[in-house]
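The structure under discussion appears below in the form of structure tokens.
Within every chain, numbering begins at 1; the chains are lettered A, B, ... in the order of the sequence lines, protein sequences first and strands thereafter. Below, each value reflects all heavy atoms present in this structure, side chains not excepted, and no hydrogens, waters or symmetry copies.
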Amino acid sequence: KKADTGKPRVALVMKSLANEFFKTMEDGAKAHHKKNSDKYELSTVGIKDELDVAQQIKLVESMIAQQVDAIVIAPADSMALVAVCKKALDAGITVVNIDNKFDAKTLTSRNVQIPFVGPDNRKGAQLAGDYLAKKLAQGDKVAIIEGAPNSFNGIQRKLGFEDAMNSAGIKIVSSQTGYWETDRANKVASANIIAEPELKAILCANDSMAIGALAAVKSAGKTDDILIVGFDNIAAVQRALKDGDILCTVDQHADQLAVFGIDYALEMLGKSGTPQDQETAVDLITAETIKRP
Amino acid sequence: MTDLQTDIAFSLCGITKSFPGVKALSDVTFDLKTGEVHALVGENGAGKSTLVKIIAGIQSADSGNMLIKGKSYAPPGRKDAENCGVRIVMQELNLVNNLTVAENIFLEKLPSRFGFVDYPKLNSAARRLTQQVGLSIDVNAKVSQLGVGQQQMVEIASGLSQKCDILILDEPTASLTDKEAQLLFAQIEKLKTNGVSIIYISHHIDEIMRISDTVTILRDGQLVSSHPTNQLNADQIVSKMVGRNLEHSTLRHNTETGPVVLRVEGLTRGRKVRNVSFQVHRGEILGIAGLMGSGRTETMRLIFGADKPDSGKVYLHNSSTPAHIKNPRHAVNNGIALLTEDRKEQGLLLPLSISKNISLAQLSKLCRFGLIRNSEEKQVAADFIDKLSVKSSSTEQAVGNLSGGNQQKVVIAKWLYKDSEIIIFDEPTRGIDVGAKFEIYQMLDNLTKKGKAIIVVSSDLKELMAISDRIAVMSDGKLTAEFNSNDWSAEKIAAAAFSEYIN
Amino acid sequence: MKKNASLPRWMTDYCGMAAVLVILLAIFGSSARNFFSPATFRMIASQIPDITILAVGMTLVLIIGGIDLSVGSVMALCGAVLGKSLVAWGVPLPLAIGACLLGGLVCGALNGLAVITWKLPAFIVTLGMLEIARGATFLVTDYRTIDTGTTLEFITETSFVGIPLPFVIAILIVALGQLVLSKSIFGRYLVAIGTNEEAVRLSGIDTRPIKVGVFALCGFLAGLAAVIQTARISSANPNVGVGWELQAIAAVVIGGTSLMGGRGSVIGSFFGVLIIAILSTGLDQIGAEEYVKRIITGSAIVAAVVLDYYRNRLSNNKN
Amino acid sequence: MKKNASLPRWMTDYCGMAAVLVILLAIFGSSARNFFSPATFRMIASQIPDITILAVGMTLVLIIGGIDLSVGSVMALCGAVLGKSLVAWGVPLPLAIGACLLGGLVCGALNGLAVITWKLPAFIVTLGMLEIARGATFLVTDYRTIDTGTTLEFITETSFVGIPLPFVIAILIVALGQLVLSKSIFGRYLVAIGTNEEAVRLSGIDTRPIKVGVFALCGFLAGLAAVIQTARISSANPNVGVGWELQAIAAVVIGGTSLMGGRGSVIGSFFGVLIIAILSTGLDQIGAEEYVKRIITGSAIVAAVVLDYYRNRLSNNKN
Ligand SMILES: Nc1ncnc2c1ncn2[C@@H]1O[C@H](COP(=O)(O)OP(=O)(O)OP(=O)(O)O)[C@@H](O)[C@H]1O
Ligand SMILES: Nc1ncnc2c1ncn2[C@@H]1O[C@H](COP(=O)(O)OP(=O)(O)OP(=O)(O)O)[C@@H](O)[C@H]1O
Ligand SMILES: [Mg+2]
Ligand SMILES: [Mg+2]
């Protein structure tokens, strides 16, 4: 069932193509493919935002229709995509899960096995939270700005932040969604700052929201009092990290995430047997780690 | 006929109705006999439409009561009135443009089977009705494709579509030509013999004299008199309406016309306007006569640039090069004004005030530093309200709340304020009362004295013969004849109007 | 002359859109791999039923001169109700589906009632409902996707002569919608209200129940779409349907329905849905970049209505 | 009598909304901590200028009976152009701002031109532009946030007697907008076109340049909003402004502008923006759950227009 060229065809099904993080992921995959163009063919597709589950199902179906050999998917919903991925498996397609882990219960209830290759978001968030905790004292007050409701990664990161704060005895006074957006986060952060004058830090579930929180802190004139934590290590926060405006962020190597998945899929194509999950690295990024070459 | 008591089909007593700023009706009382045509006359804004709307359940009275065949009657809505046997054809068109003629005629009672419209039945019933009123069009045509006159006839057909005991006709002939009016009178005659009572509103006194049995006269919302028609003559009716005697200075003998200011050559658009040529001089009134749908309105719209002609040229001020009038703005800039026949759809900004409607075409004159001077604007409006005796509560009253005739006066005021050189009036006196008509004739006369060139399109032949210097006649899109005041007669004009339809 | 006038009318009404479809198919057929495979068409048939059903409801609402911005949220809410009743509350399937449809009907009727009671613009009422229904969805689902397992799979797996049940339902609804619109008294009143509501009211027809009815119907259809949509993704996702209202409106307008009311066609809307579906499937299959997709989709929406303008001019000139 | 009629008119026009504001302030003042602090008002003043400016443009577009769904995307595109010119292309600041404003003007003018050339509904044209401008934004930014550093900070940091520059600009635009609308010929034409375009055309006024002008102005204001928005978050985000068009429309309609055209007020829109801003700030400050926020926001949007209905009835009865 190989394509005319004889090379395996891998489809990378993304959660969103209109977002920096996923763009980096896609670019990484493309760069990898360029280097290894003799080994496989790659097509990348994605939905316009992370909300349109039905559209992503369509994409998987359309990949099944095109009879690709492997699908590497960052599912927009950890349950809703399981059924269609099962269809792909039934059609003899290799499926690898990246970025957003499928719900374990759903997988077992449908009796499918799809390996997850990716970072542990909760662990990453905890790393950042622990680093922040060192700068704070017990009983200090912080706020969390969450990702979009129902987003698996958003929930994991929130949980990671909470783990760190709880173990350090720091109080979370507010936890509201910023929908991953800069502007929304800016407004929530501004409100937090006013509602809680002793606020010491804002933990944001991604860097776009950290940028919004930073703007809020600046306009409130509290740059020295409130620390900001982000996630993803995007290009736009590099300056803020260096200047210490943002305390730290977490790098889960977006450019490599898809590549790990593709590699794993290619590896699996040759083999049979029960695939295992594979965890990838998450690193804490601070002003110091940046300055290090 | 039995005794007098049972003869009364309907009576109303002490009807009073106020709107913000106006008392439209005060204490109106009269009886309607079975099988009579009861005419309701009065100046614009006298309250005629308001009164019949109350009878038809469209508006409710502030006080007073009504009786139908001795039983108390206070319809909360039009449907209830219809259930009591009262139907109305309203003054303003109320048709659904996107539906067919047949659907419009039977809108409230579409024949159906299992919730689905029974089209064969609907169309044959509609065809019968349109033939009765003399409307020779496809009942499957959309109403939006009809001219105003034809739409008026659809309204009439709709009014006749169901059986009723009392039929109200509010200015049904305002945009009909004589031919259609005659057919309507025949229908009215037939209904009368079937015992239907008819309330008939019109500004045409001759019609009233001809078809009505009783005339009730309203002035400023009050009942002035109610008499059998044969006890009155036309002059008496008019003087009771306006509350004074009108001097008749109707005929116009202004032979002093200047050079040609507008020359139309070979104007053509589809079948509706075919190779029309004519010219108008300074200080002259050119009347345009023709049957309904003969293309008069279309021709005027072409001259004004509201529609694009297929071919033909318009020359202005004796120039030998044709004027480039591509849109109404060019026309207005070239000193042409057009009073459209459909004031509601094309002439007025109904929710806006009188003053804003009058100033619309000439705002730059009211401006200083790019800002409109409101006091000046109101002053201008007040002057015109005075000059044209527009019945209104203030210059800031919404035009939509004025009576039909007064709305027409506002449109006229807008163009008078614009002060163009060539003014085209399409049915300028549609819905205007006798008194005001004479004022408008007077005004037209004054305009010619100022050297304006005027074209008047009218379905009222008598009116045209009274005010025009020349009359051009259109028939089925062609200009078939031109008459001077010394050689025209109603017969000749009618013959020319029919000429293209015969054969 | 009558025959002459009505035949081209019918043809020009849809042949413009059919032409667009053919062009799209030709473009993608030649540029996307395996585009002309039965799988592509099976996929489209399985994917458009929900949006088609929404578009039918939207067509009727637009025809009376209204708009319903809440269909996407209401669909999500109905799906949530369905999922929650099945999974958490253990309600039997027919009852759960009934609750789902009823939920849609109620949301729609509330829209309609607000519109007639306070004479509010439908735009703002349904914008409010968009937020409220989404909030209610979050409340019902606790922001989490509800896995409905295999309970609803029978819906997508039943098929008639190879045509999946949802597609059959959608086609039936389109046919029924068109029939009601063009032949029934209710349908005629919709057109009449959209053209000149005052005239209809003055004819002694109470327009209010008709308006409430249309909004309720639109909500009910959103409930039906929710059943199909939930079955298709085997789960009730609280974020589903965001932006679907605009997609439905775009399809309906491409299909020739006027946003000003008074003119429209359900079959046209179906063509509109097809055009958008094929465009988006095709762009996905050729693997176009997101920005390219956006620009092409936007241009295509405008181009389709521009085409309609020229088609109208053409057919008017012929007459 | 004339005086009597005009004084209450003026007062009732805005006092309904002022009452809503007072109620909101009272509720949040008693439930949110530190709500009545200067910081809250400074924050609101720093956050509403961009949406206020969008709302002014939207008001004018709605008054002519149009709509502009593209303002959010166009703002994002303008921001992207600004950020990219500053950071990647090293364009001097005034030029970059000029390019940003020009970009908005061009997008708006294109909307207007499409509307008049093909007589299309503004809804569908601007829906197309919504997609196209977003696509163009992705193209310009390559989907990435552009950090504008401190270049634009002077905009947010300049202030006059304690009032930040963006707020001053927004207030000026509101005042100017209201003046133009109620006193200038252009403004009068807008109202007239929204009331009965055909009558305006037949009064010898070419409505087409006016319509293009309004859309262009709305686009230009989106560009201006982009400058302020980019300065506020010190970066150009390609996903900014999603859904802002509906937010702006909601504010404008709450402010008493009719979606049918012909009636509206810029000052009213400003009140509408304030109501929505205070509602959302208040809900953020009390830390309400997301579903509560949604339900309250939706209900408040509808409630505000319902209130307007009763206010109108009240003031009509008084006359
Ligand atoms: N809805 C309304 N609001 C305010 N005033 C109104 C309203 N309807 C009618 N009027 C006023 O009531 C008066 C009577 O109007 P009506 O339409 O009954 O006059 P009419 O006799 O039919 O006149 P015409 O011959 O011009 O049709 C007029 O002064 C008019 O301005
Ligand atoms: N918009 C339109 N679409 C199709 N046909 C039209 C339209 N407007 C007018 N007509 C038709 O064109 C013909 C000429 O109409 P026009 O209004 O110019 O005639 P008219 O002489 O002014 O008569 P009327 O007394 O009806 O105003 C009529 O048969 C009319 O039905
Ligand atoms: Mg009248
Ligand atoms: Mg005419």
Checklist entry - Just wondering, more than 12 heavy atoms not from K171(A) lying within 6.0 Å of its NZ? => result no
Checklist entry - Just wondering, do I44(D) and K187(A) contact through their side chains at under 4.5 Å, heavy atoms? => result no
Checklist entry - Would a 4.5 Å heavy-atom cut-off, applied to side chains only, mark Y179(A) and E290(D) as touching? => result yes
Item to check | Engaged part of S208(A) at the chain D interface, taking heavy atoms whose separation is under 4.5 Å | outcome: side chain
Next on the checklist: To the nearest 0.5 Å, what is the distance between CG on D27(A) and OH on Y143(D)?
Outcome noted: 9.5 Å
Item to check | Sub-4.5 Å side-chain heavy-atom contact between E289(D) and Q176(A) | outcome: no
Next on the checklist: At a 4.5 Å cut-off on heavy atoms, which part of A277(D) comes close to chain A: side chain, backbone, both, or neither?
Outcome noted: neither
Item to check | Note, S37(D) side chain near I194(A) side chain (heavy atom, < 4.5 Å) | outcome: yes
Checklist outcome for this item: Among residues 227-241 of chain D, those lying within the under-4.5 Å heavy-atom range of chain A are Q229(D), R232(D), I233(D), S235(D), N237(D), N239(D), V240(D)
Checklist entry - Considering heavy atoms only, which positions within residues 123-142 of chain D lie below 4.5 Å of chain A? => result E131(D), F138(D), D142(D)
Next on the checklist: Quick check: do Q238(A) and D147(D) have side-chain heavy atoms less than 4.5 Å from each other?
Outcome noted: no
Checklist entry - Checking D207(A) against chain D: side chain, backbone, both or neither under 4.5 Å from a heavy atom? => result neither
Next on the checklist: If you compare all heavy atoms of M43(D) against all heavy atoms of A191(A), which two are closest, and at what distance to 0.1 Å?
Outcome noted: SD-N, 3.7 Å
Next on the checklist: For chain A, which candidate among Q47(D), E153(D), R42(D) shows the most heavy-atom pairs at distances under 4.5 Å?
Outcome noted: Q47(D)
Checklist entry - Do D284(D) and R184(A) come within less than 4.5 Å of each other through their side chains, counting heavy atoms only? => result yes
Item to check | Distance (rounded to the nearest 0.5 Å) between T24(A) OG1 and R144(D) CZ | outcome: 4.5 Å
Item to check | Toward chain A, the part of I286(D) with a non-hydrogen atom under 4.5 Å | outcome: neither
